[in-house]
S.K.: 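Got a structure for you, written out below as structure tokens; questions coming shortly.
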Amino acid sequence: MSIRVFSGVQPTGNIHIGNYLGALKQFVDLQAEGTSVEDVPHRSDQSSLNDCIYCIVDLHAITLPKDPAELRDSILDVAALYLAVGIDPKKSVVFVQSDVPGHAELAWILMCNSYTGELSRMTQFKDKSRGNESAPTGLFAYPVLMAADILLYDSNVVPVGSDQKQHIELTRDIAIRVNNKYGDDTFVVPEGRFLKDGARVMALDNPTAKMSKSAENPHSFISLLDDEAKIRKSIMRATTDSDGEIRFDPASKPGVSNLLTIYGAFTGKPVAEVEREWAGRGYGDFKKAVAEVTTDALEPIRRRYAEIRPSDELRAVLRDGAERAGAISEKVILRVKERFGLGA
Ligand code: ATP
Ligand code: LTN
């Protein structure tokens, strides 16, 4: 039996190199390989190829108000980017969350098995609501919907950026809690998969905060669709420090460390090796090199995206994906309803 991989990206704003290095690149890598059993402790078999499901999580996007026309466009933008980075719809299932009703259905069941206390501790909710009394209930319940996404497909492995660690832990806690109450094989307990180097790409203008789509300064992030001139400008402007030493030390040198992370992730070299390669050289030259490896990596993605985004095939891929995802999820919903005593 193969290992089931599941992940999702929100259709909001520009997908940036943080999303790519933390998540999308892993999606593509996992599609081409069998996951090592070390990553999945509860499985003893070694699969040949993973069974990957990649979702565009539009229900998560409406936790904060969205313009309907923009949302519809963003869904297709992310779908086209999935394919442009190398997700192959013949090998992986690609679909839109709201096209499969089981996500919202399971989310309700899980809400009845999660605690307001544990949800109040989620840092993403705290950051986004900032104690605001009129924060939407959906923003509070967001991690439960994410747990439903994952558990709905009996997922073994969830590749995400390290900012999602807390949500993965919650998903595991809920799965274990339900299994203890309703039977051990109600849910598969999933594992997160985080990249060691590059799991968290920081904002170029403020390297102590994560690179984010919602930043106001366009030079804070590099979108996967930025052209060469914009990439170079954003990297040359990146905040560093005044001691002039190229060394990986995120606590006291966050800007330089972030550039080392980005360079390492795009060249496939461990950060320690990049550090040795650049020891004793200047920030200016290093930034030029970071811009170059970034441009080289993004240029083919941009080219493929321009072909895929206007094509009719995109919607056909999503329709087919929704059908395949629907068939898998229906079986899990039936199992869960049966365990809970729900339905006629
Ligand atoms: P943002 O905060 O930039 O608006 P997000 O994290 O809220 O984005 P998604 O688009 O759903 O929302 O993120 C998709 C994937 O990208 C997730 O797996 C997330 O962990 C990862 N990711 C987001 N930002 C970064 C980052 N700066 N570094 C590494 N991974 C990231
Ligand atoms: N919460 C995630 C997006 C997300 C997700 C998922 C990731 C929603 N559902 C299921 C992995 C699996 C985020 O904000 N980055």
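Remember, it's 1-based here, ligands and their atoms both numbered in the order they're listed. Heavy atoms only: backbone and side chains are in, while hydrogens, waters and symmetry mates are out.
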S.K.: For K66 and A61, indicate whether the former's side chain and the latter's backbone hold a donor-acceptor pair under 3.5 Å.
M.R.: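 Checking the backbone N and O of A61 against the side chain of K66, a donor-acceptor pair under 3.5 Å is found.
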
S.K.: Please check: side-chain N/O of D226 versus main-chain N/O of S223, any donor-acceptor pairing under 3.5 Å?
M.R.: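 Looks like yes, one N/O pair under 3.5 Å.
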
S.K.: Which ligand 1 atoms does V201 reach within 4.0 Å, using its non-hydrogen atoms?
M.R.: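 Counting from 1, the qualifying ligand atoms are 26 (C), 27 (N), 28 (N), 29 (C).
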
S.K.: Using only atom types and a distance under 3.5 Å, with no angle test, would you say the side chain of S155 pairs donor to acceptor with the backbone of I150?
M.R.: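 Checked: pair present.
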
S.K.: Looking only at protein heavy atoms, identify the closest one to atom 15 (N) of ligand 2 and say how far it is in Å.
M.R.: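 Of the protein heavy atoms, Q164 NE2, 3.3 Å lies nearest.
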
S.K.: Decide if atom CD of E273 counts as having more than 12 heavy atoms of other residues, nucleotides or ligands within a radius under 6.0 Å.
M.R.: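 More than 12 within 6.0 Å, yes.
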
S.K.: Below 4.0 angstrom from a heavy atom of Y142, which ligand 2 atoms are there? Numbered from 1 as shown, please.
M.R.: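 Selected atoms, number and element: 1 (N), 2 (C), 3 (C), 13 (C), 14 (O).
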
S.K.: Closer than 4.0 Å to some heavy atom of F6 - which atoms of ligand 2 meet that?
M.R.: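 In order of numbering, the contacting atoms are 10 (C), 12 (C).
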
S.K.: Could you list the atoms of ligand 2 found under 4.0 angstrom from a heavy atom of V158?
M.R.: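 Those qualifying, in numeric order: 11 (C), 12 (C).
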
S.K.: Would you please say whether a donor-acceptor pair under 3.5 Å links the side chains of D149 and Q97?
M.R.: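 Yes, side-chain donor-acceptor contact under 3.5 Å.
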
S.K.: Check ligand 1 against A23 and write out every atom of the ligand that is under 4.0 Å from a heavy-atom position of the residue.
M.R.: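 This gives 15 (C), 16 (O), 18 (O) as the contact atoms.
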
S.K.: Suppose I only count heavy atoms of V160 and a 4.0 Å limit; which atoms of ligand 2 are within that range?
M.R.: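 Heavy-atom distances to V160 below 4.0 Å select 7 (C), 11 (C).
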
S.K.: For the atom pair OG1 (T295) and CD1 (I235), what is the distance rounded to the nearest 0.5 Å?
M.R.: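 If I round to the nearest 0.5 Å, the distance is 7.0 Å.
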
S.K.: For atom 9 (N) of ligand 2, what's the nearest protein heavy atom and its distance?
M.R.: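 Closest protein heavy atom to atom 9 (N) of ligand 2: D149 OD2, 2.7 Å.
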
S.K.: Is the contact between D163 and ligand 2 made by the side chain, the backbone, both, or neither, using heavy atoms and a 4.0 Å cut-off?
M.R.: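 No part of D163 is near ligand 2 at this cut-off.
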
S.K.: Under 4.0 Å from a heavy atom of H60: give me the atoms of ligand 2 that qualify, with their elements.
M.R.: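 Taking each heavy atom of H60 in turn, ligand 2 has 8 (C), 9 (N) under 4.0 Å.
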
S.K.: When you look at CD of E228, are more than 12 heavy atoms from neighbouring residues, nucleotides or ligands closer to it than 6.0 Å?
M.R.: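 No, because the 6.0 Å sphere around CD of E228 holds 12 heavy atoms or fewer from other groups.
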
S.K.: Which of the numbered atoms in ligand 1 are under 4.0 angstrom from any heavy atom belonging to N19?
M.R.: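 Answer for ligand 1: 10 (O), 13 (O), 14 (C), 15 (C), 16 (O), 21 (C), 22 (N), 23 (C), 24 (N).
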
S.K.: Closer than 4.0 Å to some heavy atom of I150 - which atoms of ligand 2 meet that?
M.R.: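 Going through ligand 2 atom by atom, the ones under 4.0 Å from I150 are 10 (C), 12 (C).
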
S.K.: Taking N or O atoms only and a 3.5 Å limit, does G161 qualify as a polar contact for ligand 1?
M.R.: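 Indeed, backbone or side chain, G161 has an N or O that close.
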
S.K.: Short list, please: which atoms of ligand 1 are under 4.0 Å from a heavy atom of G22?
M.R.: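 Numbered from 1, ligand 1 contributes 29 (C), 30 (N).
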
S.K.: Heavy atoms only, cut-off 4.0 Å: how does M202 contact ligand 1, side chain, backbone, both, or neither?
M.R.: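 Contact part for M202 vs ligand 1: neither.
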
S.K.: Identify, by atom number and element, the atoms of ligand 1 in contact range of Q164, meaning under 4.0 Å from any of its heavy atoms.
M.R.: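 Atoms satisfying the 4.0 Å criterion: 20 (O).
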
S.K.: May I ask you to identify, for L145, whether its side chain, its backbone, both or neither come under 4.0 Å of ligand 2 on a heavy-atom basis?
M.R.: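 Looking at L145 and ligand 2, no heavy atom falls under 4.0 Å.
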
S.K.: Check each heavy atom of R200 against ligand 1 and say whether those closer than 4.0 Å belong to the side chain, the backbone, both or neither.
M.R.: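 Answer for R200: backbone.
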
S.K.: Run the salt-bridge test on E245 and K253 with the 4.0 Å N-O cut-off and return the result as yes or no.
M.R.: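 No, no charged N to carboxylate O under 4.0 Å.
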
S.K.: Under 4.0 Å from a heavy atom of V57: which atoms of ligand 2 are those, numbered in the order shown and with their elements?
M.R.: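 By the 4.0 Å cutoff, the relevant atoms are 8 (C), 9 (N).
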
S.K.: Is the backbone N or O of G86 less than 3.5 Å from a side-chain atom of Q31, with the two atoms forming a donor-acceptor pair by type?
M.R.: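 Looks like yes, one N/O pair under 3.5 Å.
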
S.K.: Which ligand 2 atoms does Q10 reach within 4.0 Å, using its non-hydrogen atoms?
M.R.: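 Near Q10, the atoms of ligand 2 are 14 (O).
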
S.K.: What do you reckon, does H16 have a nitrogen or oxygen under 3.5 Å from a nitrogen or oxygen of ligand 1?
M.R.: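 N/O-N/O distance under 3.5 Å: yes.
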
S.K.: Show the atoms of ligand 1 that are less than 4.0 angstrom away from any heavy atom in V160.
M.R.: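 Every atom of ligand 1 under 4.0 Å from some heavy atom of V160: 18 (O).
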
S.K.: Quick check: is L225 connected to V293 through a chain of hydrophobic side chains (ILVMFWY, heavy atoms under 4.5 Å apart)?
M.R.: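 Yes, V293 and L225 fall within the same hydrophobic cluster.
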
S.K.: Would the number of heavy atoms belonging to other residues, nucleotides or ligands and lying under 6.0 Å from CZ of R72 be above 12?
M.R.: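 Open: at most 12 neighbouring heavy atoms sit under 6.0 Å from CZ of R72.
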
S.K.: Is the centre of the Y153 ring less than 6.0 Å from the centre of the H103 ring?
M.R.: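 Yes, the ring of Y153 comes within the 6.0 Å limit of the ring of H103, centre to centre.
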
S.K.: Salt bridge (Lys or Arg N to Asp or Glu O under 4.0 Å) between D154 and R335: does it pass, once the steps are laid out?
M.R.: CA-CA 11 Å; D154 287 339; R335 181 172 79 220; 2.6 Å; yes

S.K.: Output yes when the distance from some N or O of ligand 1 to some N or O of P159 is under 3.5 Å, and no in every other case.
M.R.: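 Looking only at distances, the answer is no, because the N/O contact criterion of under 3.5 Å is not met.
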
S.K.: Determine whether a donor-acceptor pair (N or O, by modelled atom type, separation under 3.5 Å) exists between the side chain of R193 and the backbone of P159.
M.R.: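 No, the answer is negative, given that no donor and acceptor are paired below the 3.5 Å cut-off.
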
S.K.: Should one rank M211, K213, K210 by closest heavy-atom distance to atom 2 (O) of ligand 1, which comes out on top?
M.R.: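 Among M211, K213, K210, the closest heavy atom to atom 2 (O) of ligand 1 comes from K210.
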
S.K.: At a non-hydrogen distance cut-off of under 4.0 Å, which region of S212 contacts ligand 1 (side chain, backbone, both, or neither)?
M.R.: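 Answer for S212: both.
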
S.K.: Rounded at 0.5 Å granularity, tell me how far CG in D205 sits from CZ in F221.
M.R.: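 Rounded to the nearest 0.5 Å, the CG-CZ separation comes to 10.0 Å.
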
